[in-house]
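Below is one structure, written out as structure tokens; comments come after it.
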Amino acid sequence: MSQLPKSNIKLKASDYATDQDVRWCPGCGDYSILKQVQTVLAELGQDPDQIAIISGIGCSSRFPYYMETYGLHSIHGRAPGIVSGLKLANPELSVWMVTGDGDGLSIGGNHMLHILRRNFDVNIMLFNNQIYGLTKGQYSPTSELHKKTKSTPLGSLDHPVNPLAFAMGSDATFVARSMDRDPKHLQEMLKRSAEHKGTSFLEIYQNCNIFNDGAFFTFTDKETKKATALFLEQGKPLIFGQNDELGIRLDGYKPTVVPLNEGEFSADDLWIHDEFDMYKAQFLTRFFDDPNHMSEYYLPRPFGVFYQTNRPTYEEMVFEQLDIARKSQGEGNLDKLLAGSTTWEIQ
Amino acid sequence: MSQLPKSNIKLKASDYATDQDVRWCPGCGDYSILKQVQTVLAELGQDPDQIAIISGIGCSSRFPYYMETYGLHSIHGRAPGIVSGLKLANPELSVWMVTGDGDGLSIGGNHMLHILRRNFDVNIMLFNNQIYGLTKGQYSPTSELHKKTKSTPLGSLDHPVNPLAFAMGSDATFVARSMDRDPKHLQEMLKRSAEHKGTSFLEIYQNCNIFNDGAFFTFTDKETKKATALFLEQGKPLIFGQNDELGIRLDGYKPTVVPLNEGEFSADDLWIHDEFDMYKAQFLTRFFDDPNHMSEYYLPRPFGVFYQTNRPTYEEMVFEQLDIARKSQGEGNLDKLLAGSTTWEIQ
Amino acid sequence: MKNITKSVQEEVTIKFAGDSGDGMQLTGDLFTNDTALTGSDLATFPDFPAEIRAPAGTLAGVSGFQLHFGSKKIYTPGDTVDVLVAMNAAALKTNLNRVRAGGTLILNEDGFDTKNLRLAKYEAGENPLEDPRLEDYEVFKMNVTKLTRECLKDSPLGTKEKDRCKNMFVLGFLLWRYSRSMDSVIQFIDTKFKGKADIQEANLLTLKAGYHYGDTTETFTTTYEVKSAPLDKGTYRSIMGNQAVVYGLVAASQKSGLPLFYGSYPITPASDILHSLSALKNFGVKTFQAEDEIAAICSAIGASYGGNLAVTGTSGPGLALKGEAMGLALMLELPLLIINIQRGGPSTGLPTKTEQADLLMSLYGRNGESPIPVVAAKSPADAFEAAFEAARIALQHMTPVIFLSDGYIANGAEPWKFPKSSDIPEIKIKFAEGKDRNDGIPYQPYLRDENLVRPWALPGTPGLAHRIGGLEKEDITGNVSYDPANHEHMVKTRAAKVEKIADFIPEQSLEMGVEQGDLLILGWGSTYGVIKSVVNELLNKGHQVAHAQVRYLNPFPKNLGDMMRSYKKVLIPEINNGQLAKVIRDKYLIEVVQYNKIMGIPITHAELRDFAAKLLGEI
Amino acid sequence: MKNITKSVQEEVTIKFAGDSGDGMQLTGDLFTNDTALTGSDLATFPDFPAEIRAPAGTLAGVSGFQLHFGSKKIYTPGDTVDVLVAMNAAALKTNLNRVRAGGTLILNEDGFDTKNLRLAKYEAGENPLEDPRLEDYEVFKMNVTKLTRECLKDSPLGTKEKDRCKNMFVLGFLLWRYSRSMDSVIQFIDTKFKGKADIQEANLLTLKAGYHYGDTTETFTTTYEVKSAPLDKGTYRSIMGNQAVVYGLVAASQKSGLPLFYGSYPITPASDILHSLSALKNFGVKTFQAEDEIAAICSAIGASYGGNLAVTGTSGPGLALKGEAMGLALMLELPLLIINIQRGGPSTGLPTKTEQADLLMSLYGRNGESPIPVVAAKSPADAFEAAFEAARIALQHMTPVIFLSDGYIANGAEPWKFPKSSDIPEIKIKFAEGKDRNDGIPYQPYLRDENLVRPWALPGTPGLAHRIGGLEKEDITGNVSYDPANHEHMVKTRAAKVEKIADFIPEQSLEMGVEQGDLLILGWGSTYGVIKSVVNELLNKGHQVAHAQVRYLNPFPKNLGDMMRSYKKVLIPEINNGQLAKVIRDKYLIEVVQYNKIMGIPITHAELRDFAAKLLGEI
Ligand SMILES: Cc1ncc(C[n+]2csc(CCOP(=O)(O)OP(=O)(O)O)c2C)c(N)n1
Ligand SMILES: Cc1ncc(C[n+]2csc(CCOP(=O)(O)OP(=O)(O)O)c2C)c(N)n1
Ligand code: SF4
Ligand code: SF4
Ligand SMILES: [Mg+2]
Ligand SMILES: [Mg+2]
């Protein structure tokens, strides 16, 4: 969301923390996300009393309890509905929604589709750990195919959801990805989400060190990160690799990885990132190769803002209609309403 | 679905019709769809006793009552769940699912996402009339923005769902569009759906002459059809226009309409349709300009098979795992199971 | 000039029946409004065909509108029909059995051609117009279609449009027959078709043609008059149940000073509430058509959290989906009004038919110990006050409340002596007040007042930042708590809080009858009219009976038990299999007598009277 | 060689408490299995921390396992603890209040360092080990961590891994203390860690170290023995409730010859059923983890339509979501088993705690008149037969059936004299047989047999093509019907069909006690153990009491009413606010006495005995 209710006194990240002891497993990626959110809110100077954090159910959805703001820990998958109503009751609030890959894409998938297309002004953080954490380790809609979990001893059979492709297919107005283990990038993405007026969909790769440890290490670990993660920057060419020796070209309309150190290609030949280009964004969401089965020139996993566009927010339009109605029909009069068109007297 | 249970005796379209009088409004587009389905099933010679038609709730979902096959008229939005279980109980059946824009994309949107990604072998027909017919005319998720309906006297505010973009975002394995008023094309698409092994998602533009009359006439009416509708054919260039005078090019990675009668461009310069190319399919789903606000070179609305790919069906994989388990562990033995690992005697 | 005798009647039941396309609902509405203007009391009951429009002329396509009016108090739309207007063969076939012997049939002969007869599933050659059984009735045949076209021969309209005026011909005729003027209808036509001169003209012409047809045609020698009824003094209007709910909600919004939020997903027969509210944006009403019922109720919970008067509305299948979220609202202790316009169940059941289907689900349809107040409307007009009351309870007691109506109330109409807005009581609300967030005193969202009600602290209020959710909360602080004793305390407190509402609702009163005696007929919801008319008759016959209609179904009024014990027998008639009876037996251990009709249609006066009479005989 | 006296005890309750990471559940399980092998009777009760793992050492992180065993019949996990094993300060703090005065505390001193004390929220300086209150107990302190590391000093394992063996030390010590051999545990270790030589070795070493620690350390001068209990002859195993459900379903599948389909969405405490079933693919079991509870039940409906034994499983919040689909199954009259492992409500409530939360929702939580049979398990072992019965009723009566268990049964364990598969009765099923589709006779899917059961006609059967759905159906043909009389007939028929099931279930029997007398304690579900132990005691004291536990909650056994009327008073203890009591009052108009505990934990023997005794005093 854009209009940021400022707090008058300068606040520290710690001012956004509650006295409740945090109940996540030691080492859980959620801790880092919590910290970055608190840091960013402090930087943005958002008034804690003007913030509402709405979540569903899941480890991730415990988030509100740890934020010294208004918070509602609702029911499984239904946070978007609550957010929609809250925004229509009070559009001024800075509303953040916390959900998980199960909460937001399994039971809550439909509400996610509809809040994205309606474009309420809310910042959605989807903690993707590719597992059901709170219920102790069943596979989730984002789990990779053939994943062995408590509920799939011989491996899962469900083709995984590609959250960002789904978000694009739902005509989201802001689509981005970040990770728990890169505080700087995560903070940056949180700020970008906050600045976007409309529904921001931010997928955050989050490590569940108990039930799905290391799911994203290929992308988040210093060792491999540079070779597997592609950081998107507006107006910059798509370059990655241990020593930035690889780039992405659109050859025809097929994205291909090209070496930059063999003379054949240079940065100028590469695809320039444009977060306002829906077609390119659709391509980028398809950079989704399974890191466990890398071919030599496999496509890196992008991080950053894939796409953003401006559409009026749903609540804006609703209040606009209320004004129009008042202007054209005049403020409603209860007596007139009750009387209706035809009345008669009994003497 | 591919394996088509053949009926031994040759059947006519009428053999697939029940004795129930059809309760759709006179002139409803559903009649044509019903007729084409019966015709195609007869042509394919599918044994009516091997067919199950599952629907949700809506005018469209009354479909099973008019088909002399097995049929289940379930509850609103939930047909995909029923289909999934039925397919796992009896994968041999030819299962057809009928749903509407409200049934399948409003209340049923989440189930739609998940059945598409799981890829059960079923043929989904989504009757899109951009309205809630059965409940007498509220706007639906596919209604155009600002639509005035019973529930939106000042116009709807919801950015409409793009059903095929949603299907692509859900990683569907077969994505196509047809219309009620083009029997030949509709029959063709129904056959293609039937032939595809996996979940076929076929959107059918259907006229609700009572609550949303003419919603698609720009695309379906002889007058305007050629100028506004683009019929996709595998391996053929994208050409349309009253006299086929227009074509589509991918200029860089932006689809643009070019004239073919001004010497500058010829058919050879055009985008060749390839239904196996996911990137191109994603482009095509974005040919979604509002026909009410056509610019000169506005993108036509594509009809035909946008995309198809082969993935093992969910039920195949499930039964495969059962076999693997039986082979590796041997057929389950109830006495062994009940006894477990540790037992003791009480004398 | 033929001479015409005028006969005065005490009451009449007219049924307008025709094809969905024949505009019988409009005809009924207009005749009803005109009847209301004469000061007669009245009750109406439309019966639509099943949702999907069947092809014209078929039995499934018949649409009916029944009006019962009289110069005495009218409680029901009438068991049997005195005058049947049938626009085609199907309409006659489906309704003839409802007409009393000796009743009047007004038939549109043009609706009985071979095509119509075939569609109405008459055997080839069989023609009801020649049916000897018609001799038991006074039959008037007229060629409405032909006559309409004739009188419009000079109109520029096409035949299809001309034929649409048919119903005006019938209406005109009936206005004449019941000694009315055409004024109210003319006024309607003028406003309705303003700007469409041709159509306006055509309707007027046809109306007058019908009126004069009666006047001039020799066959009609009698007109009738029904005088005004002894209604209380005051200004009246005609009202339908769903409309009354809408007004009740808007009134609650204005009287509480809270913006009204309505989150809903369309479903028969509740959709009209969404439609009407969406047209009241100048009252600041926000309507949100959600993607499903779960999103709808959750949006209402969010709006309530944000400080609106939050309402969600649906019918049975939708209510079944809202159970989990109702539990959340109950745990959050936020005000929320859940409107359920009941229809025939189970499952999709009979969507267009009425049934008191969901009392038990309303009371028990959630996981865990989850008491929720339930309020029911008893008639179209009563739905206004009942909805207002339900909203008041939700707001003042910080709880979800379920409001029950049904298809019969929703679509039925009756005269309503509507209140002046200045006479409607305020609903006092106070939100928790802000404080300095650095005063070191943590805010306590679950600290209750003497009525066990917790404060309503809106996000955005300085210094009150706090967290709530669906996990069990610690008393006072609202923190998550797994403490055993706290859980029991909270379960009992939530129950006690709902029980306490009994202190803030009126005691149960009698609609009519003796304070103690042989038989109390106890009802809830839409059985009101029929019970009242039956008890009225029984009282006149000198029986020791009484009638009470329960509006507050949870908690019950404190005196309900004692009231029931003042009678030898308690009879509970319900349009279900005995749901209130269950609850009464459980709560009061009273052996009540049930009368149940589960046919998707109201109980008739005769049915209930005969049953009650028999019961009285046994005492 | 020190001399050791052995004392024989009749019963002991041991509680193992430690950090989630300390492996107390495993220790408990292993000691339980070894206890079972001695032939003692036993009951266990694990209490986990709330779902999310709290940081090590905190109060929220404490995980406990309680075992009650004896040489007599054991009905409950024990009210008070005789021996508490506490691995750290938090474990001691949260459990001390449960230990009887004079009880034994076995404390791991290494779990009481300053960090642990701080995490356990002890005041700075305060040390429970020095707490004078400990003088009321027999206290043994041992440095389990240190001792473990010592005995593993030569092991190649890292400290973290070594410390994981801690629990083996404690286990070894207890085996010694209760005069057991180490065989069963050694066998477990060997199989469990097969291939992981180092870990296997380490666990063995630590186990033995613990065992010999008792043997050699001077402080321990007594060992104890609990002899075998008078259980019926036969072969036994230890079983947990959720496991028993799984076996019951598989048995029903094998005995009906139908493949088992389980559609579910994970939820505590039901998830384990999904987990176990997903591992039984070689039994042809198909598990489907759906996207939500609605899809889960719908997939089961689809599987049932296709001819499988279809089951869906969940807990309260999930059941609330399934209401609409249950109504569909009821309308379709297809067999469907709905498993509900109850937990603390309302809303998300207390996910890991037990409660008899959902009886009313199970009976009434659907729109319209929608009767569904309900069957409840009374103990972990009983869950096998109860689940089998529920499946049988669903299949043979073509109806959805709700099976109720709860967190206490689900995770509790007891010895089970398991049946031979050959002794389990067949479940006879016959599908409708195919016919020539051109014989001109339309198939009649709603033509019922003498038990009002309709045929099960599978898609794919030649000649039986037909349509079913959620709209009201015409009797016999199954066509959509809006006919009033038909609707009432179908509503009553669906009700009668469920009532008829009473002819196919056993009459209600007494668990123990007098055929008629002063007090009947009537229970359902997990109150079984405590009621039995209380009635047992009261009988021994010569009271005229009896115990009945209702398995079939809808319909009730035919003799239940008469049974209740044979006693002066009927007491219904429930872990809820009185849900069965409501139903009994409604159905039998009997003024029952309630005893309700709503704390997420079982009723204790003392609590119920005292209440019952008082009640008997008043008679
Ligand atoms: C209606 C309902 N169904 C199921 C559950 C059980 N449940 C709680 S959280 C959860 C999924 C958690 O996964 P995710 O959303 O990925 O969150 P995470 O714990 O991984 O952060 C489930 C199935 C519930 N609480 N409510
Ligand atoms: C749970 C539930 N909610 C709402 C309804 C009411 N309802 C029936 S059909 C329908 C939408 C129909 O629209 P669509 O799916 O587009 O089908 P169409 O009638 O246009 O073919 C609705 C809201 C219902 N039957 N059940
Ligand atoms: S289970 Fe996984 S996601 Fe949940 S708190 Fe623990 S580490 Fe984090
Ligand atoms: S309402 Fe519309 S969609 Fe429904 S049957 Fe009539 S024309 Fe067809
Ligand atoms: Mg997750
Ligand atoms: Mg539609």
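Quick note on labels: first sequence line is chain A, next is B, and so on, each numbered from 1. The structure presented is a predicted model; accordingly, all values stated were derived computationally and were not measured.
- Chain B forms more heavy-atom pairs under 4.5 Å with one residue of D:Gly470, D:Gly463, D:Ser304 than with any other, namely D:Gly463.
- Between D:Ala465 and B:Thr69 the shortest heavy-atom distance is CB-C, 3.6 Å.
- Only the backbone of B:Gln347 comes within contact range of chain D, judged by heavy atoms closer than 4.5 Å.
- Using a 3.5 Å distance cut-off with no hydrogens or angles, the side chains of D:Asn33 and B:Thr342 do not pair a donor with an acceptor.
- Here the closest non-hydrogen pair linking D:Arg437 and B:Pro48 is NH1-CB, 3.3 Å.
- Atom NZ of D:Lys435 has more than 12 heavy atoms from other residues, nucleotides or ligands within 6.0 Å.
- Dense packing is recorded around NZ of D:Lys417, with more than 12 heavy atoms of other residues, nucleotides or ligands lying under 6.0 Å away.
- Checked by atom type and distance alone, the side chain of B:Asp49 never pairs as donor or acceptor with a backbone atom of D:Gly460 at under 3.5 Å.
- Using a 4.5 Å cut-off on side-chain heavy atoms (C-beta onward), B:Asn90 and D:Tyr305 make no contact.
- Nearest approach of B:Asp335 to D:Pro419, heavy atoms of both residues: OD1-O, 4.3 Å.
- Ranked by non-hydrogen atom pairs under 4.5 Å with chain D, the options B:Ile82, B:Leu113, B:Asp323, B:Ile115 are led by B:Ile82.
- Judged as a side chain to side chain donor-acceptor pair (under 3.5 Å), the pairs with a partner in residues 276-291 of chain D (not counting sequence neighbours) are, in order, A:Ser151-D:Gln289, B:His111-D:Glu291, B:Arg118-D:Glu291.
- Crowding of D:Glu385 atom CD: a count of heavy atoms from other residues, nucleotides or ligands under 6.0 Å not exceeding 12.
- Judged by distance alone, with hydrogens and angles left aside, the side-chain atoms of D:Arg237 form a donor-acceptor pair with the main-chain N or O of B:Leu338 at under 3.5 Å.
- The stretch residues 325-336 of chain D places D:Ala325, D:Leu328, D:Leu332 near chain B, each with some heavy atom under 4.5 Å from a heavy atom of that chain.
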Next on the checklist: Show, in sequence, the C-alpha distance, side-chain angles and deciding distance for B:Leu337 and D:Leu280, and conclude whether the side-chain contact (heavy atoms from CB on, under 4.5 Å) test is met.
Outcome noted: CA-CA 9 Å; B:Leu337 182 70; D:Leu280 296 179; 3.8 Å; yes
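- Relative ring orientation between B:Trp344 and D:Tyr236 is described as parallel, the plane-to-plane angle staying below 30° on a 0-90° scale split at 30° and 60°.
- Per-residue heavy-atom pair counts under 4.5 Å with chain B were compared for D:Lys420, D:Glu324, D:Gln243, D:Gln187, and the maximum is reached by D:Glu324.
- The backbone N or O of D:Thr461 sits less than 3.5 Å from a side-chain atom of B:Tyr70, completing a donor-acceptor pair.
- The greatest number of non-hydrogen atom pairs below 4.5 Å with chain B, out of D:Val285, D:Leu464, D:Asp292, D:Leu231, is found for D:Leu464.
- Residue B:Ala79 does not touch chain D at all, counting heavy-atom pairs closer than 4.5 Å.
- The shortest non-hydrogen separation linking D:Ala303 to B:Ala89 is O-CB, 3.6 Å.
- In terms of non-hydrogen atom pairs under 4.5 Å with chain D, the most contact-rich of B:Gln321, B:His73, B:His76, B:Met67 is B:His73.
- We find that B:Glu68 and D:Arg467 are joined by a salt bridge, their nearest charged nitrogen and carboxylate oxygen being less than 4.0 Å apart.
- Atom CD of B:Gln20 is surrounded by more than 12 heavy atoms from other residues, nucleotides or ligands within 6.0 Å.
- Rounding to the nearest 0.5 Å places CD1 of B:Ile57 at 6.0 Å from CG of D:Leu471.
- If you measure heavy-atom distances from B:Asp19 to chain D, you find no contacts under 4.5 Å at all.
- More than 12 heavy atoms of other residues, nucleotides or ligands shown are found within 6.0 angstrom of CD on B:Gln329.
- Scanning both residues, D:Phe283 and B:Leu334, for their nearest heavy atoms gives CE2-N, 3.8 Å.
- Across D:Cys298 and B:Arg78, no two heavy atoms sit closer than the pair SG-CB, 3.5 Å.
- For B:Ser55, no part lies under 4.5 angstrom from a heavy atom of chain D.
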